[in-house]
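Here's the structure we're looking at; comments come further down.
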Amino acid sequence: MKTIREASLEFQQDYQTLLEERASHSGFIAGVEFAQHWISVDDELPENSDEEHFYLVKLSSSATNIPFLARSFRNNKFWTLTWAEMKSVTHWRPVELK
């Protein structure tokens, strides 16, 4: 009779490729979900920085709910948006351009 360890190693060898595929798929899906996560301005704002950064922002006033590209957040202001648009930002997420 096999020991528990022997049975475990046999199972692992039989299903190693399947397990790797599932882990890879799950990791990819988790990464995509993280990258597409919108942050509510009620929960968090981007950090102030002297460096140039880009963000996608959603506006409450946007009838089509299309995100806008905003540039360089400093002192709680998105520089490329008008004052009215800044006041209507509801969600944001960073855009990595590297």
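Atoms considered below: every heavy atom in the structure, side chains included; atoms not considered: hydrogens, waters and symmetry mates.
With sequence neighbours left out, Glu33 forms a side-chain contact (heavy atoms from CB on, under 4.5 Å) with Ile29. With sequence neighbours left out, the side-chain contact (heavy atoms from CB on, under 4.5 Å) criterion links Leu56 to Trp38, Pro67, Leu69, Arg93, Val95.
Atom CG of Leu59 is separated from atom NE2 of His91 by 11.5 Å, given to the nearest 0.5 angstrom.
For Trp92 (side chain) and Glu44 (main-chain N/O), a donor-acceptor pair under 3.5 Å exists by modelled atom type.
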